[in-house]
Amino acid sequence: MKKFTLFLGLLLTGAAFSQSPCATGRYASDVFANFTTTSDITYGQNSSWNGAATTLKLDIYQPTGDAETNRPLILFVHGGSFIGGSKTDGDMVTMCQKFAKKGYVTASVDYRLGFFPFDSANAVKAVVRATQDLRAAIRFFYKDKQTTNTYKIDTNHIFVGGSSAGAITALHVAYLDKECEITDYLSPSVISTLGGLDGTSGNPGYSSKVHGVLNGCGALARYSWLEAGDIPLASVHGTNDGTVKYNRGIVNPGTPLMYLDGSRMVHERACAVGVENQFYTFPGAPHVPYAGNAAYMDTTVNFFRDFLIKQLGCTDNILQPENDRMQAAVLYPINYCDGTPVNEVCPLSLINVITSENMVVFPNPATDEITVTLHDNASHSVIIKDMMGRNVLENNEATGSIIFNISKLKSGNYLVIVDNLHTTKLIKN
């Protein structure tokens, strides 16, 4: 009898674990009416850009009355151009609350802000500090799981995301994983002084591994840092984003800071190397359109929700209302370089042909020569600048296709600028 009881127990346990985690509606819908917030939890400390001691804090949101003991975690990171914003920003609070009601544990994370002077080198340092802090926050939850288990996190399902600077931070935590990748921006000695990629913001010895990225209007310094085998991501971005470009360009929150590859370029790269990703374009929308706009926010939350339940292994056929499923191609368009919505998750891509409104640069990266092709027969100014803003090559009466000999340029990043308006990053091997 005891053997039968044990067998039955094992059978029932196996059945429970084989069931989709969304079978009861959890993670796919709001199964909790309320959430509980615990504010100002210290996860670490470090020195700010000016040497001031900074205590690092986060707010945690949990489903009220939840009995589950192994819950996925989402860490959200606020925007603010690395000089402002906080964990209480409205878009981050809203996302934390909405996903807590679906059964997730969520956290809104503060990180070190500020840099001066406002130039590209110091902006890169600010990004590194933010990624170090986010990694420390991730380690905080791994440490909790292995010690007090206060928050009952499933460390096999930890996700990071955010808006603007927060999304930039999340993307770099996910895909900037080798110090040699940023030596074009910072010297090894500066990287070491900052504390390396992992940093010293807290909870050493624990993992900072994550399992997916929610990118809200963010960017990567180089899309090539996203490589085959990397973790999946979901991105939303407006085509008229004037702060963090939808395609690629200089981040400009009022002062030009640094040149980044926007969500469309990150999507193209993910497609090219076979990394699972989903991309939602907001045609004509500005920077972070879901902040303060309920309709945009609902679309963003539902898009991220569908991405996440797939990562959790949900296999249910019906996870959302019938009208949502029927309109999926309309709700979740992918806009390719010509602005035409297509239904494929990964449209046909020529990742080395960099397209902007007025030019194509090919090949890119390049060693000896590049061809800049303009899309009309008018006369244009084409200038190649280094990352210090110095002109290194130029043609002020360019028409059609122009060949530049770049063999004497040092290896690194350059900008190809047409009429002081349209900019493409050039990588010189």
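When reading the values below, keep in mind they use all heavy atoms of this one structure, side chains included, and skip hydrogens, waters and symmetry mates.
Here Arg71 does not pair with Glu68 in a salt bridge; the nearest charged N to carboxylate O distance is not below 4.0 Å. The residues Asp261 and Arg222 are annotated as not salt-bridged, no charged nitrogen and carboxylate oxygen being separated by less than 4.0 angstrom. Ion pairing between Lys102 and Asp30 holds under the 4.0 Å rule for side-chain N and carboxylate O. Between Lys410 and Asp386, none of the side-chain N atoms (NZ, or NE/NH1/NH2) sits under 4.0 Å from a carboxylate O, so this pair counts as no salt bridge.
If you check the side chains of Arg135 and Asn203, you find no donor sitting under 3.5 Å from an acceptor. Asp59 and Ser108 are not linked by any side-chain donor-acceptor pair at a separation below 3.5 angstrom, with hydrogens and angles left out of the test.
Aromatic ring pairs are classed by plane angle as parallel below 30°, tilted from 30° to 60° and perpendicular above 60°; the pair His78 and Tyr111 is parallel. The aromatic rings of Phe116 and Trp49 lie tilted to each other, with the angle between the two planes from 30° to 60°. Tyr151 and Phe140 have tilted rings, their planes meeting at an angle from 30° to 60° on a 0 to 90° scale.
Exactly one of His237, Glu268, Arg264 qualifies for a side chain to side chain donor-acceptor pair (under 3.5 Å) with Asn247. That residue is Arg264. Under the ring pair (Phe, Tyr, Trp, His ring centres under 6.0 Å) rule, Phe99 has a single partner from Tyr61, Tyr104, Phe35, which is Tyr104.
Residues Leu226 and Leu233 form a side-chain contact, since some pair of their non-hydrogen atoms from C-beta on lies under 4.5 Å apart. Using a 4.5 Å heavy-atom threshold, the side chains of Leu260 and Arg248 count as separate. Thr300 places none of its side-chain heavy atoms less than 4.5 Å from the side chain of Asp91.
The line from OG of Ser120 to CE of Met258 is 8.5 Å long, rounded to the nearest 0.5 Å. Distance CD1/Ile370 to CD1/Ile427: 12.0 Å, rounded to 0.5 Å. Summarising the geometry, atom SG belonging to Cys217 is positioned 5.5 Å from atom CG belonging to Asp241; distances are rounded to the nearest 0.5 Å.
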